[in-house]
Amino acid sequence: MAVVDCELEKELKQFDETKAGVKGLVDAGVTKLPRMFRHPPESLPSPNQNNGVDSNLQVPVIDLKDVDICERRKEIINDLRKAAEEWGFFQIVNHGIPNAVMDKVLKGVRGFHELPQEAKEEWYSRDFKKKVNFFSNGELKVSTPADWRDTLSCKVLEDECNFEAIPEVCREEIREYMKYIVQVQEKLSKLFSEALGLDSDYLENLRCFKSRSLACHYYPVCPEPHLTLGGTRHSDLGFLTLLLQDSGGLQILHDNVWIDVPPVERALLTNLADMLQIVTNGKFKSVEHRVLMPATLEPRTSIACFVGTDDLQKPYGPIKELISEDNPAIYKEVLFGEYMNRYKL
């Protein structure tokens with residue numbers, strides 16, 4: 001067993017030292033899935049999953065059109081509250097981001113990942129304190145199968161100077177996209193506050209939705225997709241995630257059943273993260289999800305915007321207005337920075 005572990009450790013080290021990521025394996029013509037990417041059968045979808053009525057379940061779609069009209073706003077808030085309590089995931093349409101902006105940012109991110117290796121390797125780093133770094137898998141460990149995915153991470157995007165560190169091939173596309181994401185997050189901050197029965201600026205004053213970072217994922221075509229995952233089962237650790245995706249593969253765990261979440265045209269997939277579950281005392285759900293590797297001839301691109309606080313030392317716990325004798329606090333306060341350190345984005 002020790003010999004096998006040493007061999008796998010060597011495979012991980014050699015893979016990382018190429019600085020080419022999973023795309024480098026594909027470019028090298030790999031036809032069999034390397035052992036480091038093989039996931040145990042219990043982590044992979046079973047052939048019989050989602051049969052019967054559960055296969056028809058769909059993540060809610062919330063239309064933000066006319067959100068500032070009083071009666072329409074009430075409907076949207078009710079829909080959002082129900083989705084947050086029952087699903088933890090929902091698709092939003094009419095969010096205000098132009099189609100061309102979404103198309104260009106997906107194309108720009110894909111363009112970065114499809115650059116020649118020598119043009120990308122200057123960004124390859126496992127120093128996750130960098131504002132921008134390119135890597136494959138947050139951690140490469142013998143004990144944990146790797147995911148079939150490369151990532152360009154762009155952090156602290158509320159600071160304009162950090163955009164200059166982003167690769168030129170996608171810099172302006174990301175800059176333009178984030179202008180609109182700011183508007184979406186501000187809109188959702190008010191809607192979530194109102195859905196909780198609080199003043200519309202409550203979550204803004206808590207600084208819950210102040211920081212923005214991107215994980216620009218690229219899932220190359222896989223030679224044996226049934227043996228691996230594009231993203232291992234997890235929940236997100238911040239407050240909110242806004243996902244733009246160009247094709248399917250995402251699944252969420254709903255009532256103990258894995259549900260496919262195919263993209264809705266021009267929609268942003270929104271999911272609540274752990275910190276929002278904590279501050280709402282469990283009223284809103286942070287739900288586990290994973291990414292499958294469908295058998296396809298085209299790579300998949302997705303852009304996850306992680307929304308959090310800009311104060312890493314701020315303690316967060318259940319909102320006092322939501323706590324009562326009948327609804328006691330079920331979470332302790334936690335420092336945002338310490339909580340986020342559990343996971344490398």
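All values reported here derive from a predicted model rather than from experimental measurement.
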Undergrad: Nearest 0.5 Å please: distance from the CD atom of E325 over to the CG atom of N327.
TA: 11.5 Å

Undergrad: Would you say the side-chain atoms of R149 pair up with the backbone N or O of G231, donor to acceptor, closer than 3.5 Å?
TA: no

Undergrad: Is there a donor-acceptor pair closer than 3.5 Å between any side-chain N or O of T151 and the backbone N or O of S153?
TA: no

Undergrad: Centroid-to-centroid, F128 to F135, below 6.0 Å?
TA: yes

Undergrad: Can you tell me how far apart CE (M275) and CG (L237) are? Round to the nearest 0.5 Å.
TA: 9.5 Å

Undergrad: If only atom types and distance count, is the side chain of Q91 paired as donor or acceptor with the main-chain N or O of V59 below 3.5 Å?
TA: no

Undergrad: Please check: side-chain N/O of T228 versus main-chain N/O of P225, any donor-acceptor pairing under 3.5 Å?
TA: no

Undergrad: Around atom CD of E168, are there more than 12 heavy atoms from other residues, nucleotides or ligands closer than 6.0 Å?
TA: no

Undergrad: If the test is side chain to side chain donor-acceptor pair (under 3.5 Å), which one of E75, K74, K82, R81 qualifies with N78?
TA: R81

Undergrad: Kindly compute the distance separating CG (D147) from CE (M36), expressed to the nearest 0.5 Å.
TA: 10.0 Å

Undergrad: Is there a side-chain contact between N133 and K155 in this structure, where contact means two heavy atoms from C-beta onward sitting under 4.5 Å apart?
TA: yes

Undergrad: Would a single hydrophobic cluster contain both Y202 and L322, if residues Ile, Leu, Val, Met, Phe, Trp and Tyr are joined by side-chain heavy-atom contacts under 4.5 Å?
TA: yes

Undergrad: Considering only NZ, NE, NH1 and NH2 on the basic side and carboxylate oxygens on the acidic side, decide whether K190 and E204 come within less than 4.0 Å.
TA: no

Undergrad: Determine, for E176 against K179, whether the closest basic-nitrogen to carboxylate-oxygen distance falls under 4.0 angstrom.
TA: yes

Undergrad: Under 6.0 Å between ring centres: does that hold for Y316 and Y339?
TA: no

Undergrad: Under a 3.5 Å distance rule, please check whether H95 uses its side chain to pair with a backbone N or O of R266 as donor and acceptor.
TA: yes

Undergrad: Supply the atom-to-atom distance I166 CD1 to I174 CD1, rounded to the nearest 0.5 angstrom.
TA: 4.5 Å

Undergrad: Just to verify, which of H289, Q251, E288 counts as forming a side chain to side chain donor-acceptor pair (under 3.5 Å) with R233?
TA: E288

Undergrad: Distance from R212 atom CZ to Q185 atom CD, nearest 0.5 Å?
TA: 4.5 Å

Undergrad: For E321, does the CD atom sit with more than 12 other heavy atoms under 6.0 Å from it, leaving out its own atoms?
TA: yes

Undergrad: Going by an N to O cut-off under 4.0 Å, is there a salt bridge joining K23 and D27?
TA: yes

Undergrad: Consider only side-chain N and O atoms of D310 and S211, and report whether a donor and an acceptor are under 3.5 Å apart.
TA: no

Undergrad: Between K131 and E164, is there a side-chain N and carboxylate O pair less than 4.0 Å apart?
TA: no

Undergrad: So for atom NZ, which belongs to K187, do other residues, nucleotides or ligands contribute more than 12 heavy atoms lying within a distance under 6.0 Å?
TA: yes

Undergrad: Any donor and acceptor pair, going by atom type alone, linking the side chain of N162 with main-chain N or O of V156 inside 3.5 Å?
TA: yes

Undergrad: Are there over 12 heavy-atom neighbours, none belonging to E160, within less than 6.0 Å of that residue's CD?
TA: yes

Undergrad: Is a side-chain donor-acceptor pair under 3.5 Å present for D16 with Y124?
TA: yes

Undergrad: Kindly indicate, with the supporting measurements, whether the criterion salt bridge (charged side-chain N to carboxylate O under 4.0 Å, His left out) is fulfilled by R110 and E173.
TA: CA-CA 11 Å; R110 180 165 174 169; E173 290 82 356; over 6 Å; no

Undergrad: Assign the ring pair F112 / W123 to parallel, tilted or perpendicular, where the plane angle (0 to 90°) is split at 30° and 60°.
TA: perpendicular

Undergrad: What pairs of residues pass the side-chain hydrogen bond (donor to acceptor under 3.5 Å, both in side chains) test when at least one of them lies in residues 237-249, not counting sequence neighbours?
TA: D236-T241, Q245-R300

Undergrad: So, the side chain of S213 versus the backbone of F306: is there a donor-acceptor pair under 3.5 Å, distance only?
TA: no

Undergrad: Looking at F15 versus F37, is the centre-to-centre ring distance below 6.0 Å?
TA: yes

Undergrad: State plainly whether one hydrophobic cluster holds both V264 and F90, where clusters connect Ile, Leu, Val, Met, Phe, Trp and Tyr through side-chain heavy atoms under 4.5 angstrom apart.
TA: no

Undergrad: In the single-linkage hydrophobic clustering (I, L, V, M, F, W, Y; side-chain heavy atoms under 4.5 Å), do L115 and Y218 co-cluster?
TA: no

Undergrad: About how many Å separate CG of L243 and CG of L268, when rounded to the nearest 0.5 Å?
TA: 8.0 Å

Undergrad: Applying side-chain hydrogen bond (donor to acceptor under 3.5 Å, both in side chains), name anything that partners E172, two or more places apart in sequence or on another chain.
TA: R175

Undergrad: Determine whether F239 and L203 fall in the same hydrophobic cluster, where Ile, Leu, Val, Met, Phe, Trp and Tyr are linked whenever their side-chain heavy atoms lie under 4.5 Å apart.
TA: yes

Undergrad: Do the side chains of I97 and V61 join up, straight or via other hydrophobic residues, at under 4.5 Å, putting them in one cluster?
TA: no

